[in-house]
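To start, the structure under review is shown below, and the notes come after it.
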Amino acid sequence: MTETPTLELRGIDKSFGPVQVLHDIAFSAYAGEVTALVGDNGAGKSTLVKCIGGIHPIDAGDYLFDGQPVQVHSPRDAAALGVEIVYQDLALCDNLDIVQNMFLGREKRRGMVLDDSTMEEMAAATLRGLSVRTVKSLRQKVSSLSGGQRQTVAIAKAVLWNSKLVVLDEPTAALGVAQTAQVLELVRRLADNGLAVVLISHNMNDVFAVSDRIAALHLGRMAAQVKASDVTHAQVVELITAGRSGNLGPRTTPNGAAV
Ligand SMILES: Nc1ncnc2c1ncn2[C@@H]1O[C@H](COP(=O)(O)OP(=O)(O)OP(=O)(O)O)[C@@H](O)[C@H]1O
Ligand SMILES: [Mg+2]
């Protein structure tokens, strides 16, 4: 049985000026699954995410969504497909409240005026649907939230817009133990609700706690994409640091050339 991935990338190249950052990347993310994207600092994870989100145009390769080839040239194109990217710091506006953040740029109106009560109800329903209970008031400014609560609002915003694919770039990087556990639980729930979820993390415990699949980038190349249940922590660490582990990863000749 072969399932069509929600997102499939084939042969993606990306350069910044003369520097090629992504080489011939293949990557898939499936509905109902969490796919971890791992790799060392500078491996190209955020660049790949920005290509998925339409911030960086790809130089070459295919971008397929639900099995159909698509052109993604801008964040608007990505959003129209149902792709939402949650960045650690850029996701929210501090001076706005939770509801305002969730509807930023896509406000509901009744005639000429903002339909605050509808927006508040929709925001509340979304947070309830995700079993979020730690937020006291939807009208509190995001600047007053903890890191974990901010991340929760950013994720809820992605869910509110009927996304099909949610990409989380290091959502737990700045969080403590309890908040990390809450965010990971939410990540798992998103996938259990049928979304395709991509999680970037440097923390192997987080990766193994929630992921169904693991994709390891090494120096801008996809070293391997495997089922989490088929690999050990040590193998994933080896893929991240060496680009291969045992029979995982590209086969190379002694001088390092791919065969
Ligand atoms: N806008 C840009 N212009 C030029 N080079 C860039 C740009 N963005 C990223 N790079 C380079 O691309 C490479 C990959 O960076 P990227 O941010 O994708 O890594 P990463 O895997 O997300 O790392 P980290 O774990 O540190 O977040 C780096 O060498 C970086 O310097
Ligand atoms: Mg990054």
Side-chain angles (χ1 to χ4, degrees), residues 7-29 34-61 63 72-78 83-92 147-148 150-151 154-155 158 165-175 180 183-184 187 196-211 213-226 228 231 233-245 248-250 256:
L7 171 74
E8 184 176 2
L9 303 176
R10 294 181 190 153
I12 301 292
D13 291 335
K14 177 66 195 170
S15 297
F16 294 109
V19 183
Q20 189 168 352
V21 173
L22 298 179
H23 304 259
D24 193 24
I25 299 287
F27 177 74
S28 299
V34 177
T35 303
L37 180 60
V38 300
D40 227 331
N41 295 120
K45 304 179 297 296
S46 294
T47 303
L48 184 60
V49 166
K50 286 174 185 162
C51 290
I52 294 170
I55 291 171
H56 295 325
I58 55 177
D59 298 337
Y63 188 130
V72 176
H73 298 301
S74 67
R76 198 175 284 264
D77 290 344
V83 174
E84 289 282 338
I85 312 243
V86 179
Y87 296 98
Q88 175 74 32
D89 299 316
L90 305 177
L92 302 171
R150 292 172 62 97
Q151 201 62 40
I155 294 169
L165 173 77
V166 177
V167 184
L168 305 141
D169 195 348
E170 310 234 20
T172 59
L175 304 185
T180 294
V183 169
L184 290 179
V187 166
V197 181
V198 177
L199 172 72
I200 297 182
S201 177
H202 280 278
N203 186 311
M204 281 309 118
N205 291 326
D206 293 3
V207 165
F208 276 92
V210 294
S211 307
R213 287 173 207 260
I214 301 173
L217 274 177
H218 180 251
L219 303 177
R221 294 175 198 276
M222 191 58 76
Q225 183 160 0
V226 293
V231 287
H233 280 49
Q235 282 176 306
V236 176
V237 170
E238 217 178 336
L239 283 170
I240 291 170
T241 54
R244 54 171 298 134
S245 172
L248 294 174

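In listed order, ligands and their atoms are each counted from 1.
- Side chain of K14 to backbone of P57: a donor-acceptor contact under 3.5 angstrom is found.
- With a 4.0 Å cut-off on non-hydrogen atoms, V21 touches ligand 1 through its side chain and not its backbone.
- Atoms CD and OG1, on Q151 and T180 in that order, are 10.0 Å from each other to the nearest 0.5 Å.
- Not one N, O or S atom of T47 sits under 2.8 Å from the Mg ion (ligand 2).
- Here the heavy atom of the protein found nearest to atom 6 (C) of ligand 1 is F16 CD1, 3.3 Å.
- Considering G220, S46, A43 only, the shortest heavy-atom separation from atom 22 (O) of ligand 1 involves S46.
- Between G39 and ligand 1, a contact under 3.5 Å exists for no N or O pair.
- In this structure a side-chain-to-backbone donor-acceptor pair under 3.5 Å is present from Q225 to S28.
- Using a distance-only test at 3.5 Å, with no hydrogens or angles considered, a donor-acceptor pair links the side chain of K45 to the main chain of D40.
- The shortest heavy-atom distance from K50 to ligand 1 is not under 4.0 Å.
- Backbone and side-chain nitrogen or oxygen atoms of H56 are examined, and none is located within less than 3.5 angstrom of a nitrogen or oxygen of ligand 1.
- When distances from atom 30 (C) of ligand 1 to the protein are checked, no heavy atom turns up under 4.0 Å.
- E238 has its side chain out of reach of L248: every pair of non-hydrogen atoms, C-beta onward, lies at least 4.5 Å apart.
- When side chains are defined from C-beta on, I25 counts as touching L217, because their heavy atoms get closer than 4.5 Å.
- Looking at atom 15 (O) of ligand 1, its nearest protein heavy atom turns out to be T47 OG1, 3.7 Å.
- Annotation: the span from I12 atom CD1 to H23 atom NE2 amounts to 13.5 Å, rounded to 0.5 Å.
- At least one donor-acceptor pair closer than 3.5 Å links the side chain of S74 to the backbone N or O of D77.
- For ligand 1, the atoms lying closer than 4.0 Å to a non-hydrogen atom of H202 are 25 (O).
- Going from atom CD1 of I55 over to atom OG1 of T47 covers 10.5 Å, rounded to the nearest 0.5 Å.
- Atom 25 (O) of ligand 1 has its closest protein heavy atom at K45 NZ, 2.7 Å.
- Of the heavy atoms in D40, only backbone atoms (N, CA, C, O) come closer than 4.0 Å to ligand 1.
- For atom 26 (O) of ligand 1, the closest heavy atom belonging to the protein is N41 ND2, 2.9 Å.
- Residue, atom and distance of the protein heavy atom nearest to atom 28 (C) of ligand 1 are G42 O, 4.0 Å.
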